[in-house]
Structures are given as structure tokens and as C-alpha cells.
Amino acid sequence: MQVLAVLQWILTFLFLGPVCVLIITWISCSPLWPLLALYMVWLVSDWRTPDRGGRKSAWMSKWNIWKHFRDYFPIRLHKTADLDPQQNYILGYHPHGIMSIGAFCNFGTDGAEFSHLFPGLKSYLTTLAGNFKVPFYRDYLLAAGMCSVTHSSIDYLLSHHGTGNAVVIVVGGSAEALHCNTQSHILTLKNRKGFVKKALIHGSSLVPVYSFGENEVLHQCRFEVGSWKQRLQQMFQHWVGFAPCIFHGQGLFSSTCKGILPFRKPINTVVGKPVPVPKIQKPSEEQIQKYHALYVNSLLELFNTHKERFGLQKSDSLILL
């Protein structure tokens, strides 16, 4: 059951979008095209939902399949401080890894019992706006509790959705995915300050989150610096918004063979202490830099405090790009 749970998610992640495009193409050329036309009319009215709090299905988030998914690795969510449900938060998730598996399990589903650890909080995992432009596929993402990572989406969640909202942003994004490897801990963070500005505008506390083991469940094929393959990745990232990573895990029936299943290695996601942020309607660059530095220091403290507990060496350190 654990293997099947992970396999369906991997196949969904990799192929559901293209499959939905093929289905739409087929329906448009079949006698069923009126149904597609009706869906498209509805889609126009629903187009801004990813920027308006999404459409999370509480039923879907509690499917038993997510518990099997969690136990495959296993994935564990660790709490270091209480988060007041009368406030809103921006949770910065690190590292991106190849597929942000820990982010999805912990904050896109209730498989790791987020609702039990943080009662009164609602998590919203954000992702690229382009993911919501594919019909049918967008509905799956919305049901899974995902929202767009656009400015308008984050503004809405932090100002028009009451309190008790935990907006989860994978700060490093696709640029960080290209640095994913098992030997070093590289984060794309030095110039990522937009989330800090949003926190200041809305007075929402910043919470660092680090997933130990996220980079170890899939191995990336690294290309030589300056090679045509690396340039192709960078070009794809620039034009499309994400970079295609060539990766492998273990086989379906054997852990010694290469395949698309992730390795069975634990992912321990530690939610740090909140960094209080004042509400400033038009924060200056100096103010943004100040709270960005406070956030980085809090993240470094979180990493250094827990790294040996979760299998790293005392000499291991974060590298910020």
C-alpha cells in the first residue's frame, strides 16, 4: 500500500498535466465536445480561484492513502513552538528538493497530522501559477489545497481570509531544485526577499521550516557547468518558470535498481519558532533587509540545532546562494 500510494503521487506529479491536455484534445474532437464547452464556461468564472484562497477539500486531505504515503519514507512533522491561530503566518519551506515531497505531505495533506499539531491553523501550500492553467489538472491541485504563489494570492490569504492562515512558500523554487544533491545543503535565499515584504505589509510572522532528508529521497543527474545540457535547463527555467531535473530513485520491485520511486529515507520536517514582524504598509528596502536577516538567522539556528538529531554531521552547514 505504501508503494502504491507513492507511485500514484509520482505518476500524478509527472504525467497528470500532459494527460489532461490529451483528454481535452480528444474530447474537443469527439461528440462529447458540448460537455467540454460547458466546463470551459464554468472555468472562466472559476479562473481566479487559485488567487482567492483555493478550494481545498477537507475530505481529500484526510484520505488514508496519505498515511501510507507518509509511512513509506517515513515523513514526520516536528513542532518547536506554538503558533497562535489568531494570527497569520508565512512559512518558508526549505529545501525545495526535486519534488518538494515533504511540503506536499505535511502541508498539502493531513497525513502528517498538521491539524493536530497546530490546531486552529489552515495550511495553504503555494505553487507556480502556471500549474493552474491546465484544465482538470488545476482542479486536482485546488482540491489538494494548493494556491497560486502570485502576489494577489498571498495578499488575499493574509488579508481577506480571516486569521489562522499558514501560507507555505517553497522559497528556493525551481532554481534551488537544480542544486539538489545529497552531499551539500544549498539554499537559494540571499536574494529571495519578496516573501519578507509580504509579511511586513500584512504584519504576518515569518516561520522557517527545514526538511531534513528532502534532498536524499531522489538523486539528480548533475550536468557539467557550462555544458549544453545545463544551458538547456537554465533556458527552460527562464522561459517556462521551472527547470526539468533528470533524476532517479529506486525500482518498483527492487531497491538496488534505478527507477522513479523515491528511496525509503526519512524526511523530518521541523517547523521553527515564529519571527514577529510589524505591519508596515510600505516597507523600505532597509526594513525588508532587516527582517530578511532575522529570518535567515532563525533558519540557520533551526538547522544547526537539529542537524545532528536527524543524521547530519556537526560540520555540516547551510550554503546560501
Side-chain angles (χ1 to χ4, degrees), residues 1-26 50 60-61 63 65-66 68-70 72-73 75 93 95-109 111 125-149 170 172-182 211 213-223 229-230 232-255 257-265 267:
M1 288 300 295
Q2 292 174 9
V3 170
L4 290 176
V6 174
L7 180 62
Q8 67 82 25
W9 186 82
I10 294 291
L11 293 177
T12 297
F13 184 97
L14 294 176
F15 303 118
L16 184 57
V19 167
C20 286
V21 173
L22 292 176
I23 291 174
I24 292 167
T25 304
W26 175 78
M60 181 177 174
S61 69
W63 282 353
I65 195 172
W66 305 129
H68 296 300
F69 181 89
R70 172 199 68 194
Y72 172 90
F73 297 92
I75 297 172
Y93 183 90
H96 183 285
I98 300 294
M99 293 186 176
S100 298
I101 291 173
F104 177 80
C105 183
N106 288 307
F107 305 112
T109 79
L125 180 59
T126 58
T127 185
L128 291 173
N131 290 325
F132 297 98
K133 298 186 184 301
V134 181
F136 302 141
Y137 181 54
R138 71 188 295 276
D139 299 306
Y140 175 86
L141 297 179
L142 288 169
M146 296 189 187
C147 294
S148 173
V149 75
V170 185
S174 60
E176 190 171 275
L178 292 178
H179 298 293
C180 174
N181 68 86
T182 61
S211 272
E214 180 74 59
N215 285 344
E216 298 175 16
V217 293
L218 290 167
H219 292 175
Q220 181 174 191
C221 299
R222 304 290 298 278
F223 301 129
K229 295 177 182 178
Q230 190 200 44
L232 182 62
Q233 278 185 319
Q234 293 172 339
M235 183 178 66
F236 201 90
Q237 179 187 345
H238 177 74
W239 289 105
V240 182
F242 68 92
C245 298
I246 309 301
F247 66 89
H248 72 85
Q250 67 179 49
L252 183 59
F253 302 107
S254 173
S255 60
C257 298
K258 291 183 179 180
I260 62 171
L261 277 182
F263 295 107
R264 285 180 177 266
K265 295 188 176 182
I267 297 176

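Heavy-atom basis, side chains included; hydrogens, waters and symmetry copies ignored.
Taking the six-membered ring where the residue is Trp, F69 and W66 present perpendicular rings, their angle passing 60° and hence far from 30°. Using the six-membered ring where Trp is involved, H248 and F263 have ring planes that are perpendicular, over 60° apart on the 30 and 60° scheme. Aromatic ring orientation, F104 versus W9: tilted (interplanar angle from 30° to 60°).
Side-chain contact between M60 and Y140 is present, with at least one heavy-atom pair separated by less than 4.5 Å. Residues Q220 and N181 are not in side-chain contact: their nearest non-hydrogen atoms beyond the backbone lie 4.5 Å or more apart. In this structure, the side chains of I24 and F136 come closer than 4.5 Å at one or more pairs of heavy atoms. A heavy-atom distance below 4.5 Å is not found between the side chains of M99 and V217. Contact of the L11 side chain with the I260 side chain is registered, since non-hydrogen atoms from C-beta on lie closer than 4.5 Å. Here the side chains of F132 and T127 are in contact, with some heavy-atom distance below 4.5 Å.
Annotation for C105 and I75: closest pair CB-CD1, 3.6 Å, computed over non-hydrogen atoms. When every heavy atom of C20 is checked against every heavy atom of V134, the shortest pair comes out as CB-CG1, 4.1 Å. When all heavy atoms are compared, the tightest approach of A103 to V170 is CB-CG2, 4.4 Å. When every heavy atom of N215 is checked against every heavy atom of T182, the shortest pair comes out as O-CG2, 3.6 Å. In this structure, C245 and L178 approach most closely via the heavy-atom pair SG-CD2, 4.0 Å. Of all the heavy atoms in S211 and Y93, the pair that sits closest is OG-OH, 2.7 Å.
Panel note: side chain E214, backbone P95; no donor-acceptor pair is recorded below 3.5 Å. For the pair Y72 (side chain) and V6 (backbone), a donor-acceptor distance under 3.5 Å is absent.
To the nearest 0.5 Å, the span separating SG on C147 from CG on L141 amounts to 10.5 Å. Atoms CZ and CD, on R264 and Q250 in that order, are 6.5 Å from each other to the nearest 0.5 Å. Interatomic distance, I65 CD1 to M1 CE, rounded to the nearest 0.5 Å: 6.5 Å. For the atom pair OG1 (T109) and CG (L125), the distance works out to 10.0 Å, reported to the nearest 0.5 Å. Atom-to-atom distance recorded for L261:CG and F253:CZ is 9.5 Å, nearest 0.5 angstrom. In this structure, OG on S174 lies 6.5 Å from NE2 on H96, to the nearest 0.5 angstrom.
The only option from I267, L218, I98, L7 that meets the side-chain contact (heavy atoms from CB on, under 4.5 Å) definition with P262 turns out to be L218.
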